[in-house]
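Step one of this worksheet: look at the structure below.
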Amino acid sequence: MFISVIGSGYVGTTIAACFAEIGHDVVNVDIDEDIVATINAGEAPIHEDRLPELVAAHAGEDGTGRLQATTDYKAVLDTEVTFLCLPTPQHDDGSIDLSIMEAGAEQLGSTLEAKADRHTVVVKSTVIPGSTADVIGPAIESTSGKAIGEEISIGMNPEFLREGTAVHDFLDPDKVVLGADDDHALADMHTVFDPLVERTDAPVVETDTKTAEMIKYANNGFLAAKVSLINDIANICKEFGIDSYEVADAMGLDDRIGAKFLRSGLGWGGSCFPKDTNAIINAAREAEYEPEMLASAVSVNDLQPKRLLSLMDDHADVDGKRVAVLGLAFKPGTDDVRNSRAIDVIEGLQDRGATVVAYDPVAAENMRAHFPDIEYADSAAEALVDAGAAVVATGWDEFAALDAEFDEMASPIVVDGRRVVERRDGITYEGLTW
Ligand code: UGA
């Protein structure tokens with residue numbers, strides 16, 4: 001099948017390369033000329049495991065030719081299905097901002113005006129239930145002069161791609177959700193995903209667009225709440241002097257609970273959980289339902305950095321002292337610092353008058369935009385020299401190997417928000433929830 005993918009962010013680029021990998025011809029459309037040139041040179045425009053290999057395999061001079069990129073929307077005219085992968089940021093009040101999606105849908109519609117054959121548009125971005133049918137479809141209709149459900153079919157196919165393992169998550173999915181309000185859209189989405197389903201045996205969920213939209217929010221909301229619930233339980237464990245990880249390991253043996261997403265600590269960040277929980281809470285409130293559990297999940301998450309700082313206060317007054325912050329990314333394996341818990345930790349340290357020395361193996365450059373004036377060390381060892389305390393904010397494996405490096409601290413107090421540093425003689429170790 002010939003597929004167009006609009007948007008070259010982490011979702012758009014990943015699915016474009018993965019569609020090529022499973023045998024489709026793909027054109028990725030983006031307004032950014034540099035991103036387009038990068039893909040056409042056979043290189044990945046974003047930092048994502050396995051993506052460089054896939055882009056090199058299918059784009060550029062040595063590629064199969066199945067993946068191309070362009071800034072020209074007219075490229076969609078030769079394709080049968082278009083996936084919309086544009087950003088859905090949030091307004092200041094936490095509600096979803098659909099303006100980029102709407103503008104993209106209008107541009108797509110005006111392009112499709114010239115298309116003689118039927119075309120299917122699939123919304124991939126995370127959008128509040130009802131958006132595909134009530135906002136994006138009408139936007140396409142308004143500029144194409146064509147009717148949704150007749151000349152243009154529309155579907156919704158939520159993504160469940162984690163940053164850092166997005167290629168793996170696409171190529172070996174737990175499920176494929178196909179939301180469609182007409183048979184043509186459903187049939188086209190099946191043609192797109194059949195090669196993947198055949199080789200992985202992934203379960204396929206067929207539903208309408210509104211339910212597909214909700215499945216995405218339910219998925220992310222549930223996982224965010226699962227982490228907040230284990231954090232709540234783990235905070236109780238800490239008060240009782242119990243190792244919450246031992247408790248979580250035992251809980252995870254119960255099939256009804258499952259072992260994943262039971263790592264307690266500083267909580268969740270990133271570009272998805274915070275945005276999606278806020279958006280669905282906001283939408284629920286607009287519908288005059290108060291989502292108590294999801295709202296509590298957010299509150300617990302907001303409190304974890306404060307708890308960590310208060311544990312540090314029990315050991316040291318950091319006013320005027322150097323404090324090492326180890327880890328800046330919102331999770332290991334990415335350079336993304338959006339909504340990273342490290343941001344709250346650094347702000348709390350600055351409020352206490354500390355001089356922050358931060359280290360992250362890949363995310364320091366991105367954190368400079370938030371904190372241009374703090375010191376960035378080239379290694380964890382360098383950050384620890386002369387520090388009056390150290391805080392672990394991201395669970396990078398390399399921090400587990402730290403040992404003699406702590407001897408260089410002015411005062412070897414380590415408050416670990418991710419249970420990664422080993423307790424050892426010679427340091428005062430405090431785990432956030434253990
Ligand atoms: C998340 C979902 O896992 C994906 O399925 C979804 O497609 C994606 O959002 C999205 O909506 O685009 P991601 O934000 O990349 O993916 O990150 P996760 O690996 O899910 O981790 C989220 C946060 O939870 C991280 O800050 C992580 O440190 C934290 N976490 C996760 C914990 O604190 N404990 C755990 O046990 C697991």
Side-chain angles (χ1 to χ4, degrees), residues 1-89 100-101 103-105 107-108 111-112 119-126 157-173 189 191-193 195-196 271-272 333-336 338 362-363 365-366:
M1 195 169 221
F2 194 4
I3 303 169
S4 42
V5 175
I6 298 192
S8 298
Y10 110 92
V11 173
T13 311
T14 302
I15 71 162
C18 288
F19 283 151
E21 177 69 8
I22 62 172
H24 297 301
D25 292 312
V26 188
V27 59
N28 197 178
V29 184
D30 199 281
I31 50 170
D32 189 316
E33 286 177 8
D34 290 341
I35 290 178
V36 165
T38 304
I39 295 171
N40 285 334
E43 289 164 27
I46 52 160
H47 176 87
E48 189 60 46
D49 192 37
R50 290 174 65 190
L51 194 61
E53 293 87 325
L54 286 195
V55 177
H58 300 295
E61 274 182 19
D62 301 329
T64 58
R66 294 212 289 267
L67 175 62
Q68 303 156 44
T70 178
T71 54
D72 188 358
Y73 260 70
K74 284 197 202 75
V76 306
L77 290 172
D78 295 328
T79 69
E80 296 152 87
V81 177
T82 302
F83 280 76
L84 276 174
C85 301
L86 293 168
T88 50
I100 300 172
M101 279 299 280
Q107 196 167 350
L108 175 62
T111 310
L112 289 175
H119 195 85
T120 289
V121 179
V122 181
V123 174
K124 190 83 186 170
S125 310
T126 302
N157 165 238
E159 55 87 8
F160 305 101
L161 311 177
R162 289 164 296 174
E163 277 184 45
T165 54
V167 170
H168 167 270
D169 292 345
F170 183 99
L171 293 175
D172 191 11
M189 285 194 285
T191 308
V192 171
F193 285 100
L196 183 66
S271 63
C272 304
T334 175
D335 63 355
D336 193 342
R338 284 175 289 176
V362 291
E365 273 317 304
N366 288 337

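Note that the structure is a prediction, hence the values are computed from the model and not measured.
- When every heavy atom of Ser125 is checked against every heavy atom of Met101, the shortest pair comes out as OG-SD, 3.5 Å.
- The shortest heavy-atom contact between Asp49 and Gly164 is CB-O, 3.3 Å.
- Ile6 has its side chain within reach of Leu84: a pair of non-hydrogen atoms, C-beta onward, lies under 4.5 Å apart.
- Applying the side-chain hydrogen bond (donor to acceptor under 3.5 Å, both in side chains) test between Ser8 and each of Thr38, Asp32, Asn28 identifies Asn28 as the sole match.
- Within 6.0 Å of CD1 on Ile31 lie no more than 12 heavy atoms contributed by other residues, nucleotides or ligands.
- Rounding to the nearest 0.5 angstrom, the gap separating the CG atom in Asn40 from the CD1 atom in Ile35 is 12.0 Å.
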Taking only distance into account, with no hydrogens and no angle test, what donor-acceptor pairs under 3.5 Å do side-chain atoms of residues 69-78 form with protein atoms, sequence neighbours excluded?
residue : atom : partner : partner atom : Å
Thr70   : OG1  : Asp72   : N            : 3.0
Asp72   : OD1  : Lys74   : N            : 2.9

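- Of the possible donor and acceptor atoms, one in the side chain of Glu80 sits under 3.5 Å from a partner among the backbone N and O of Phe2.
- Taking all atoms of both residues into account, the shortest heavy-atom contact from Tyr10 to Arg162 is OH-C, 4.0 Å.
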Quiz prompt | Residue pair Thr126, Cys272: steps toward the side chain to side chain contact (heavy atoms under 4.5 Å, CB included) verdict | solution = CA-CA 9 Å; Thr126 302; Cys272 304; over 6 Å; no

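- Between the CD1 atom in Ile22 and the CG atom in Leu171 there is a gap of 7.5 Å [rounded to 0.5 Å].
- With rounding to the nearest 0.5 angstrom, the NE2 atom of His47 is 5.0 Å from the CG atom of Asp335.
- For the pair Glu163 and Ser271, the tightest heavy-atom approach, listed with the atom from each and the gap, is OE2-OG, 3.5 Å.
- Shown here are the side chain to side chain contact (heavy atoms under 4.5 Å, CB included) partners of Pro52, two or more places apart in sequence or in another chain: Ala44.
- With sequence neighbours excluded, the residues that form a ring-ring contact (aromatic ring centres under 6.0 Å, His included) with Phe170 are Phe19.
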Practice problem: Please report the C-alpha distance between His119 and Thr82 in whole Å, then the side-chain angles of each, then the deciding distance to 0.1 Å, and finally whether the side chain to side chain contact (heavy atoms under 4.5 Å, CB included) criterion is met. | Solution: CA-CA 8 Å; His119 195 85; Thr82 302; 2.6 Å; yes

Quiz prompt | side chain to side chain contact (heavy atoms under 4.5 Å, CB included) evaluation trace for Thr334 with Glu48 | solution = CA-CA 8 Å; Thr334 175; Glu48 189 60 46; over 6 Å; no

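- Looking at Lys124 and Ile15, their side chains come closer than 4.5 Å, going by heavy atoms from C-beta outward.
- Residues His24 and Val192 come closest through the heavy atom pair NE2-O, 2.7 Å.
- When all heavy atoms of Ala59 and Ile39 are compared, the closest pair comes out as CB-O, 3.2 Å.
- Annotation: the span from Leu108 atom CG to Ser4 atom OG amounts to 7.0 Å, rounded to 0.5 Å.
- The environment of CD in Glu33 is sparse: at most 12 heavy-atom neighbours from other residues, nucleotides or ligands sit within 6.0 Å.
- Between atom CG of residue Asp25 and atom NE2 of residue His58 there is a gap of 11.0 Å, rounded to the nearest 0.5 Å.
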Exercise. In sequence, state the C-alpha distance, the side-chain angles, and the governing distance for Val122 and Met189, and then conclude on side chain to side chain contact (heavy atoms under 4.5 Å, CB included).
Key: CA-CA 8 Å; Val122 181; Met189 285 194 285; 3.8 Å; yes

